[in-house]
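Heads up, the thing below is written out as structure tokens.
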Amino acid sequence: FQGSFAVLALFLNARFQVTEQTIGYFFMYIGSISVFTRVLLLGRMVDWLGEVKLSRLGLLLLAAGVLGMPLSRNLWMLAIAVALIPLGTAFTFPCVTAMLSRVISPRERGLYMGMQQTYGGVARIIAPLFFGWSFDTLGISSPYFFASAFIVATIFLAITLSMIGGVLGTVFGLVPVLWVSAIGVPLLVVAVASPVARIGGAQQKRTRAARCSFLDASRKRPFGARNP
């Protein structure tokens with residue numbers, strides 16, 4: 001969404017007649033809210049909601065602020081919409097970085113944080129080009145509609161991945177049980193069946209031996225002789 005700031009001055013001038021003499025007040029307003037949020041509000045909000053919920057709230061505020069800019073009809077509505085942007089960025093990016101450092105092992109932490117900064121840098125190169133093209137071609141409000149759509153897509157992506165992660169976690173959690181069942185059940189069957197088979201084989205051997213001894217005795221006994 002930060003690529004949309006490349007055309008911010010053009011948007012404010014075309015919609016609200018903000019000039020180079022007055023745009024400084026705009027950035028002073030955003031900076032004041034950002035400093036207040038990060039210094040006095042962010043820690044309390046993390047303790048209250050936690051990093052995951054606060055980052056999602058930040059994305060919602062950020063999407064609402066970016067979407068509210070082209071929908072604003074006067075400076076007061078613009079002031080309310082713009083106030084949501086530093087709140088959203090302050091609630092989102094520190095929490096995301098903290099969660100990233102927490103779930104990654106210390107050996108790979110630098111690698112993944114470097115990748116995060118790399119992807120952010122690439123996005124900051126491509127996004128201004130795209131938003132500048134949309135500003136000239138599709139209308140002065142189109143960059144902010146696109147930016148808010150990207151933010152909302154990020155929210156749904158995070159929720160979907162968390163649901164998929166829960167399902168995969170359940171499935172992979174059942175994998176050891178399935179492996180134990182697949183291996184343990186046949187072993188249990190073999191362990192139970194082997195003694196039974198041995199007992200049955202021993203009984204059959206004794207029966208055959210008894211039959212053979214009876215037949216041998218019958219053959220050796222003279223015809224008509226009685227059993228003792």
Side-chain angles (χ1 to χ4, degrees), residues 1-38 41-42 45 51-97 99-100 113-162:
F1 84 97
Q2 292 182 349
S4 61
F5 285 97
V7 295
L8 178 61
L10 300 176
F11 170 79
L12 293 176
N13 179 260
R15 180 65 63 85
F16 300 101
Q17 290 74 47
V18 177
T19 63
E20 61 273 13
Q21 285 82 18
T22 57
I23 196 172
Y25 298 106
F26 178 85
F27 287 107
M28 184 180 65
Y29 176 68
I30 294 179
S32 301
I33 297 176
S34 180
V35 171
F36 170 79
T37 304
R38 293 175 184 265
L41 193 59
L42 180 59
M45 293 295 291
E51 294 170 347
V52 176
K53 293 181 179 179
L54 186 60
S55 63
R56 293 175 180 174
L57 175 61
L59 287 174
L60 290 175
L61 293 175
L62 188 58
V66 174
L67 181 62
M69 289 180 63
L71 299 179
S72 300
R73 299 303 177 188
N74 51 56
L75 289 176
W76 293 108
M77 294 178 65
L78 179 66
I80 296 173
V82 168
L84 299 178
I85 295 177
L87 288 175
T89 55
F91 291 160
T92 301
F93 295 109
C95 293
V96 170
T97 304
M99 289 187 293
L100 184 65
M113 286 191 171
M115 292 175 60
Q116 179 193 19
Q117 296 297 324
T118 301
Y119 291 144
V122 172
R124 290 181 180 92
I125 294 173
I126 299 175
L129 299 175
F130 172 73
F131 289 136
W133 170 83
S134 65
F135 183 89
D136 292 334
T137 307
L138 304 177
I140 62 174
S141 299
S142 60
Y144 302 96
F145 289 126
F146 279 118
S148 61
F150 292 151
I151 298 171
V152 172
T154 304
I155 298 172
F156 284 107
L157 179 63
I159 296 174
T160 304
L161 288 178
S162 63

How about Phe16 and Ser72: do any of their side-chain heavy atoms sit closer than 4.5 Å?
yes

With side chains defined as the heavy atoms from C-beta onward, is the minimum distance between Phe91 and Val96 less than 4.5 Å?
no

Mind checking whether Leu42 and Leu54 have side chains closer than 4.5 Å, heavy atoms only?
yes

Output the distance between atom OG1 (Thr97) and atom CD (Gln116), rounded to the nearest 0.5 Å.
4.5 Å

Taking all non-hydrogen atoms of both residues into account, name the closest pair between Ala81 and Gly68 and its distance.
CB-C, 3.6 Å

Option passing ring pair (Phe, Tyr, Trp, His ring centres under 6.0 Å) with Phe146 (candidates Phe135, Phe130, Phe131)
Phe130

So how far is it from Thr37 OG1 to Leu61 CG, rounded to the nearest 0.5 Å?
10.0 Å

ring-ring contact (aromatic ring centres under 6.0 Å, His included) with Tyr144: which residues, sequence neighbours excluded?
Phe11

Kindly determine whether Phe26 and Leu8 satisfy side-chain contact (heavy atoms from CB on, under 4.5 Å), including the steps that lead there.
CA-CA 11 Å; Phe26 178 85; Leu8 178 61; 3.4 Å; yes

Any Leu62 side-chain heavy atom under 4.5 Å of Leu87 side chain
no

Determine whether Arg38 and Pro94 make a side-chain contact, defined as any pair of heavy atoms from C-beta on separated by less than 4.5 Å.
yes

Per the side chain to side chain contact (heavy atoms under 4.5 Å, CB included) rule, which among Arg56, Met45, Met99 passes with Glu51?
Met99

